[in-house]
Each structure stands twice: as C-alpha cells, then as structure tokens.
Enquirer: 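Dumping the structure here so I can ask a few things about it.
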Amino acid sequence: MKIYTKTGDHGQTSLVGGQRVSKCCLRLESYGTVDELNALVGVVISYCQDEADVRFLCDQQAALFVVGGYLATDTRSMDVRPGNVVTAEMVGDVEAEIDRLNLLLPPLRLFVMPRGARGAAFAHCCRTVCRRAERCILRLADEEQVEVDPQVLAYINRLSDYFFVLSRKLNHEQNIPDAVWRRKHT
C-alpha cells in the first residue's frame, strides 16, 4: 500500500464517496479532531494499570475510528442511516462505565483542576479535545447543513464526561486527591 499519493499537495482531499474538499473545511476539522482524540486515548492507555480500563479505552478507540470514518463520508452521496455508526447501546455502555468508575471515587464537591498523575492529566486532555470535537461536529451540522446522527453527538458528549471521571480514577489509584479549584484571594 502506498502511503503518499500526492493528491493532497494543493490543500484538497477526498471524502469517502469521492467528493474533493478543502483540507480546512469543517468536515475535515471534525474528523481530524476525532483522530487527535483517538491518538490521545492511546497515550492514556499507556498509563493505565487496570485491564478493565485498557479494554474499555481500546473499545472507544475502535468506536472513534468508526465515528471519524462516518464524519469523513459524504452522506449526501452514500447511504448512511442514523444508528448505523453509533447506537444507543454504545452511549449506554459509556454511561455504565462512568457509573462504575464513580462508585470507586469519593463524592465530588467542588470543581476539579485538570492535573495530577500523568495519565489523569492526559485524560483531561482527552476530555477537552473531545469537547472540541463535539463543537466541530455541531458547527458542521449548523453551518454546512450536514445531517449528523444524534447518537454520534450523544456519544461524543458522554465520552467527554467519561474522561473526566477516568482522570479522577487515575489520580485516586495513585493516591492523589482531587485538586479542587479555589478562588485566589487578593
């Protein structure tokens, strides 16, 4: 398989379906941000000790790859039906994992600062990149009038919540308490 094609040398690329678009269009920004998130998930995996966390994160990497492919597809020229990419069950799986991890943690009382153990800090990076991906996907739907499967948006939204809880768990495993936000008094 040839890695380089030279077809994108002038700032254009092809969507799945063949349509040529600018590399700075919202669709590319959307799936590029999902790809960036996926790469960061790989970093978080490298810091995880718990096999259940590793398995769940690997499953999310596979799901993000599918979401990226969905966003890279010109849905106007190809038959992509809602629920084929992300299902309500997938969203429910993320919610169940959030609930499972939350049971392991002390109650949350204040805003948590994004720091602590390296894995936790990278989980916070995943959370913020996931939120950016969500904003990009929403702009794609709003500004480009691209129909986006509501389950994709629900999944991305829930996944950012998961990364927040995972960051707390990774700190908790290292006996690092939540760094809570406190207003600096002057």
Enquirer: Taking N171 for its side chain and A117 for its backbone only, find out whether a donor-acceptor pair lies under 3.5 Å.
Expert: yes
Enquirer: If we only count heavy atoms from C-beta on, is the F163 to L37 side-chain gap below 4.5 Å?
Expert: yes
Enquirer: Any idea which heavy atoms bring Y31 and G68 closest together, and the distance?
Expert: CB-O, 3.5 Å
Enquirer: Is there a continuous path of hydrophobic side-chain contacts, each under 4.5 Å between heavy atoms, that joins V54 to F65?
Expert: no
Enquirer: Is any side-chain heavy atom of N157 less than 4.5 Å from a side-chain heavy atom of R131?
Expert: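 The answer is yes, as the side chains (C-beta and beyond) meet within the 4.5 Å cut-off.
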Enquirer: Could you walk me through whether Y155 and Q60 satisfy the side-chain hydrogen bond (donor to acceptor under 3.5 Å, both in side chains) test, starting with their C-alpha distance in whole Å, then the side-chain angles of each, then the deciding distance to 0.1 Å, before giving a yes or no?
Expert: CA-CA 10 Å; Y155 172 76; Q60 300 326 297; 2.6 Å; yes
Enquirer: Is there a side-chain contact between W181 and L110 in this structure, where contact means two heavy atoms from C-beta onward sitting under 4.5 Å apart?
Expert: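 Of all side-chain heavy-atom pairs linking L110 with W181, none is under 4.5 Å.
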Enquirer: Hey, does E97 have a side-chain heavy atom less than 4.5 Å from the side chain of D93?
Expert: no
Enquirer: Regarding E95 and R158, does a basic nitrogen lie under 4.0 Å from an acidic carboxylate oxygen?
Expert: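 Looking at R158 together with E95, the answer is yes, because their closest N to O distance falls below 4.0 Å.
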Enquirer: Is there any salt bridge (charged side-chain N to carboxylate O under 4.0 Å, His left out) pair reaching into residues 33-48, and which pairs are they, with sequence neighbours excluded?
Expert: E36-R132
Enquirer: Quick one: closest heavy-atom pair of I98 and D161, and the distance?
Expert: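 Looking at all heavy atoms of both residues, the closest pair is CD1-CB, 3.8 Å.
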Enquirer: For C130 versus I156, what's the shortest heavy-atom pair and its separation?
Expert: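 The answer is SG-O, 3.2 Å.
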Enquirer: Which atoms form the tightest heavy-atom contact between V148 and I137, and what is the distance?
Expert: CG1-CG2, 3.6 Å
Enquirer: Does any part of the side chain of L104, heavy atoms only, come nearer than 4.5 Å to the side chain of E173, both counted from C-beta?
Expert: no
Enquirer: Tell me yes or no: between the side chains of Q174 and Y47, is some donor less than 3.5 Å from an acceptor?
Expert: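 Q174 vs Y47: no donor-acceptor pair found between side chains.
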Enquirer: So do V165 and D99 actually touch side chain to side chain, heavy atoms under 4.5 Å?
Expert: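 Result no, sub-4.5 Å side-chain heavy-atom pair not found.
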Enquirer: If we only count heavy atoms from C-beta on, is the T87 to Q151 side-chain gap below 4.5 Å?
Expert: no
Enquirer: Any salt bridge linking D50 with R55? Criterion: basic side-chain nitrogen under 4.0 Å from a carboxylate oxygen.
Expert: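 Judged by the 4.0 Å cut-off on N to carboxylate O distance, D50 and R55 do not form a salt bridge.
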Enquirer: Between D142 and R135, is a salt bridge (charged side-chain N to carboxylate O under 4.0 Å, His left out) present by the stated rule, with each step listed?
Expert: CA-CA 10 Å; D142 291 346; R135 291 188 305 271; over 6 Å; no
Enquirer: So does Q61 get a backbone contact from the side chain of N38, meaning a donor-acceptor N/O pair under 3.5 Å?
Expert: yes
Enquirer: Quick one: list whatever passes side-chain hydrogen bond (donor to acceptor under 3.5 Å, both in side chains) with H124, sequence neighbours left out.
Expert: R127, S167
Enquirer: Side-chain heavy atoms under 4.5 angstrom apart, residues restricted to Ile, Leu, Val, Met, Phe, Trp, Tyr: same cluster for F111 and M113?
Expert: yes
Enquirer: What pairs meet the side-chain hydrogen bond (donor to acceptor under 3.5 Å, both in side chains) rule with one or both residues in residues 106-121, with sequence neighbours excluded?
Expert: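 Output for this query is empty, none listed.
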Enquirer: Does the side chain of R139 come within less than 4.5 Å of S30's, by heavy atoms?
Expert: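 No, side chains not in contact.
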Enquirer: If you take the centroid of each ring, where Trp contributes its six-membered ring, are F56 and Y162 closer together than 6.0 Å?
Expert: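 Yes, the ring of Y162 comes within the 6.0 Å limit of the ring of F56, centre to centre.
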Enquirer: Of the non-hydrogen atoms in T128 and C125, which two are nearest, and what is the gap between them?
Expert: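 That closest heavy-atom pairing would be OG1-O, 3.0 Å.
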Enquirer: What closest approach, in Å, do C126 and V44 show between heavy atoms, and which atom pair accounts for it?
Expert: SG-CG2, 3.7 Å
Enquirer: Nearest 0.5 Å please: distance from the SG atom of C48 over to the CG atom of L170.
Expert: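 Answer rounded to 0.5 Å: 5.0 Å.
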